[in-house]
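One structure is given below, encoded as structure tokens.
Values in this document were obtained by computation on a predicted structure and should not be read as measured data. Every chain is numbered from 1, with letters handed out A, B, ... down the list of sequences.
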Amino acid sequence: MADQKQHLYLVDGSSYIFRAYHRLPPLTDPEGTPVGAVYGYTTMLWKLADDLDAADGPTHLAVILDKDSKSFRNDIYPEYKANRPEPPEDLRPQFPLIRDATRAFSLPCIEESGLEADDLIASYAREAQRQGWNVTIVSSDKDLMQLIGEVDGARIDMLDTMKSARIYIPEVEEKFGVPPELVGDVLALMGDSVDNIPGIYGIGPKTASKLVAEHGSLTAALDSAEDMKKSKLKERLLEHRGDAEMSRVLVTLKEDCDLPQSLDEMRIEKIPEEPLAAFLAKHGFTSLLKRLGTGSGSPERTNNLHPAAAEKAGDAGDVEGNSQPLPEMPALDRTAYETVQTVDRLREWAQRAIAARLVAVDTETSALDAMRADLVGVSLALGPNDACYIPLAHGGSDMFDEKPDLVDLGEALTILSPMLADASVTKVFQNGKYDLNVLARYGVEVSPIEDTMIVSFDLDAGRGQDGIGGGHGMDELSVRHLDHEPLAFKDVCGTGKKAIPFGQVPLSRATEYAAEDADVTWRLFQHLKPRLAIEGGTKVYERVDRPLIPVVAQMEREGIKVDRARLAKLSEEFAKEIGRLEGEIHELAGQEFSVGSPKQLGEILFDKLGYKGGKKGKSGQYSTDQSVLERLSGDGAPIANKVLEWRQLSKLKSTYTDALQQAINPDTGRVHTSYSLVGAQTGRLSSTDPNLQNIPIRTAIGRQIREAFVPESGNVLLAADYSQIELRLAAHMAEVDTLKEAFANREDIHSRTATEMFGEVTRDTRARAKTINFAILYGISRWGLAGRLEVEPDEAQDMIDTYFKRFPGIQRYIMETLETVRECGYSETLFGRKTWFPRIKSRNQAERQGSERAAINAPIQGTSADIIKRAMVRMLPALRDAELHDVRMLLQVHDELVFELPESDVESASKVIEQVMADAASPSVTLDVPLAVDIGTGKSWDAAH
DNA sequence: CGGATCACG
DNA sequence: GACGTACGTGATCCGA
């Protein structure tokens, strides 16, 4: 006993739970408390305890935790760890459970005010080493790597349980390029953004370790700067030497703390079964509980939480933040589906759906446009592999030898309708707005609904950028969450010229495809819906997005009337003018060319005509955009203005006057846009086919197109828009008293800004103030602002400084927002809508700064989106309560709603609309600024402004 | 199919 | 060690 080597394990509990939280799936225990990180922590302790009898296993073990956020380091440097935002909402309740778990294992849990876990670990490690013990620090914190090494045969090493990796001198040298005793020097140079240790600006891990390795120490590296040849690096080393020296102190571990418990108290031989059993039972860790009884060895591969969790928690794992482990569901089996071809079988399915209370539904149609598509079939799913397809309009091609037996479409809808309208049966869709619109056109009402696409959006908006795995389409969701690739539409119907309508797909194949979609939707719902509560998405889903689906569906079905003759006349006028301009442009160019080709135009302007200032972008092509042409025009190039006019007219013609005529639905005589509820990462809607959110308004010539948007006779159009909503929200969110006051007093906000910034309001200062206001909302840079205001970046920087000084909350808002996003990975609106920014920590500066600007804007733009969505949800009930049954909500353009209503209703409807919009934030959120709404009416959309 | 351009909030 | 600047969209055209 006496000569057995003692081996102390020191567990860095605080850092472990943060890592476990981010790497493990969001599990909850039977009471609904989030326990993902606790589970990871518990399995980690279990694993260590399993090694008790091993040759080099622990003889002594303790868990070290951080007690509070302040430490003696804050006295040296008040900003130390000042960037740390609050931990995520579903992690906070897990902190006390970590202590519970530790006590459950009957292990000492040590924490001390004013000391960080790292310092206690260092002090215990050194003390044990002095006594000749071996020490293993269970952590992956790079600061602790300074301690690694051997003194008189007693070694300190580290264990990263997540990577199952021992860390000793070679691993440290590989990571830092220097031995452990120089790690502190490297850290002092490179700094640490998480702990807010400054280091030297512009020096990262690579340069830091190179410098220290070359010169042998931090001091030597700093001293060497004098003799370096002139460079950025030299300047930085000289200028920020003080930062590095202070950082060196901050990263130094305090190795002589008073030890609150003696080493002997850390001795362990066996983990007593109680109270561990009680703890495991309480939190539903039943597989561990079972093992406790059997005393079996390595971790089991399943547990009652989720089969994937036990495995991934214990070792490295590659759990992604957004992948929920698979609940136990049988593998998907397309041969299990039923083709429903008789009334009896259909009744049976409808009955079972009602009994089940939850059914996934998918419709198959003949086209993608919900306002033109014919219903071809319906599929239902009641459970995994428990799905059917009800073909309703198949056949009509020579693919069928004889027409298949089908339930009559009208009869089928009669049988399904009561179930679809049954308030006690939840219908789950993937993009339900589409199905709702198709079914509504057949007179079928569907309620209540859930939507896996919207759930996914409310959980994961912004995850996976540049289209990499971030979408919310069914195929993507299925691969991401179910690890299953569904049959693709093109595999069933083909593509291009060889494509066939779905109604001509043989029934067996159609069933595989259609029933699978319902099955997948059902499975996705089981996966995604529970995550809402765990991850804090319930509010925005239940209060904003889910109720919005039928509202937007109805708006799409309403459509808006456009005056075809008027558009045709405009097209004709534009065409004539375009032709004339083209002739003049060719004449000025001295040759014919395609004016619409930026490439050819650039060559004409800068090569042939020899105008100065041509700049080629990375595609090797001259830029000929508006700003370039305007400059050329100012320099006396008559061709530039002609091209600008040509561009404006051909844009208006092709995008609007021609395209809108095409978009008129032959059945309704109106234009029906399609809104995407998941199109914009910030939570805004987007509009397609046609896009009615970018109809011209800024120029007189463009506004003519708005004149073609008209009401039915006897009606008017009413446009209601929020005035400066984003600036109001910025004033509220950044708590800028001056701005809040200005809004309360109904002042012109840009003028007020001009007064604050420049001391007087003129046309010029107001315009500049307006530009600056927007720059703030969009995440400012001196260069960006300089470009817009046509001033030097230095001057722009002065203005930014002045702005921050005059409106002191703004800078704090920006810093706090960015810190939160860096820590949590996402931003949040006032209503809890998350937008993820996976590139916020990118090493690529342009990429990172792009994310930062987007992250500054997202809470503001997103809150504005939440507010108008809430107004939309409440609008129709409010109008109905006011007996205004003929007011129809047609369009949404981010901060504007467009209605069509009888002239006689204008007065009373205006009041209701104004009220609903102005009050849309409450009661969930009480704003410090009023929301002002401007309302106009007229015989066209243009006239309504 | 990507880039350039330009329409909107 | 260089990079390249305002956020969020969608439609159209050109040209590889």
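At a threshold of 4.5 Å between non-hydrogen side-chain atoms, the residues A/Val671 and A/Pro690 count as touching.
Here the P atom of nucleotide C/dG10 and the NZ atom of A/Lys651 are 13 Å apart, to the nearest Å. For A/Asn694 and C/dG10, the CG to P distance is 10 Å, given to the nearest whole Å. Atoms CD1 (A/Ile860) and P (B/dG9) sit 19 Å apart, rounded to a whole Å.
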I'd like a table of donor-acceptor pairs (distance under 3.5 Å, sequence neighbours excluded) in which one partner is a side-chain atom from residues 786-800 of chain A, with atom names and distances.
residue  : atom : partner  : partner atom : Å
A/Gln797 : OE1  : A/Arg782 : NE           : 2.8
A/Gln797 : OE1  : A/Arg782 : NH2          : 3.3
A/Gln797 : NE2  : A/Asp801 : OD1          : 3.0

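Across all strands, A/Thr624 comes closer than 4.0 Å only to sugar-phosphate atoms, never to a base (heavy-atom distances). Contacts of A/Ser864 with the nucleic acid, taken as non-hydrogen atoms under 4.0 Å apart, are absent. At the heavy-atom level, A/Ile697 lies under 4.0 Å from the strands shown only through sugar-phosphate atoms. A/Asp689 comes within 4.0 angstrom of sugar-phosphate atoms only, judged by non-hydrogen atoms across all strands, and of no base. Residue A/Thr771 is classed as a base contact, given a heavy-atom separation below 4.0 Å to a base. Counting non-hydrogen atoms under 4.0 angstrom, A/Asn691 reaches the backbone sugars and phosphates but no base. No contact: A/Glu896 has no heavy atom under 4.0 Å from any strand. Counting non-hydrogen atoms under 4.0 angstrom, A/Ser687 reaches the backbone sugars and phosphates but no base.
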Considering only nitrogen or oxygen atoms on both sides, find all protein atoms under 3.5 Å from nucleotides 13-16 of chain C and state each distance.
residue : atom : partner  : partner atom : Å
C/dC14  : O3'  : A/Ser597 : OG           : 3.1
C/dG15  : OP1  : A/Ser597 : OG           : 2.3
C/dG15  : OP1  : A/Gln600 : NE2          : 3.2

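A close approach under 4.0 Å does occur between a side-chain nitrogen or oxygen of A/Arg647 and OP1 or OP2 of B/dC6. Taking 4.0 angstrom as the limit, A/Thr682 places none of its side-chain polar atoms (N or O) nearer than this to OP1 or OP2 of C/dT9. Side-chain nitrogen and oxygen atoms of A/Arg684 include none within less than 4.0 Å of the OP1 or OP2 phosphate oxygen of C/dT9. Contact check, A/Ser686 against C/dG10: a side-chain N or O comes under 4.0 Å of OP1 or OP2.
The side-chain hydrogen bond (donor to acceptor under 3.5 Å, both in side chains) test applied to A/Asp934 returns no partner, not counting sequence neighbours. Shown here are the side-chain hydrogen bond (donor to acceptor under 3.5 Å, both in side chains) partners of A/Ser623, two or more places apart in sequence or in another chain: there are none. With sequence neighbours excluded, the residues forming a ring-ring contact (aromatic ring centres under 6.0 Å, His included) with A/Tyr803 are A/Phe807, listed by chain and number. Residues meeting the side-chain hydrogen bond (donor to acceptor under 3.5 Å, both in side chains) test with A/Lys642, sequence neighbours left out: A/Glu584. In this view, A/Ser633 and A/Asn641 satisfy the side-chain hydrogen bond (donor to acceptor under 3.5 Å, both in side chains) rule, not counting sequence neighbours.
Counting only residues at least two apart or on different chains, the salt bridge (charged side-chain N to carboxylate O under 4.0 Å, His left out) pairs with a member in residues 684-704 of chain A are A/Arg684-A/Glu726, A/Arg703-A/Asp942.
For C/dG4, the base has a donor-acceptor partner in the side chain of A/Gln849 [N/O atoms by modelled type, under 3.5 angstrom].
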Decide yes or no on side-chain contact (heavy atoms from CB on, under 4.5 Å) for A/Met917 and A/Leu931, but give the supporting numbers first.
CA-CA 8 Å; A/Met917 289 176 73; A/Leu931 292 181; over 6 Å; no
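For the pair A/Lys834 and A/Tyr826, the cation-pi test (distance below 6.0 Å, angle within 45°) is passed.
Stem list for DNA chain C (at least 3 consecutive Watson-Crick or G-U pairs, distances under 3.5 Å): B:1-9 with C:7-15.
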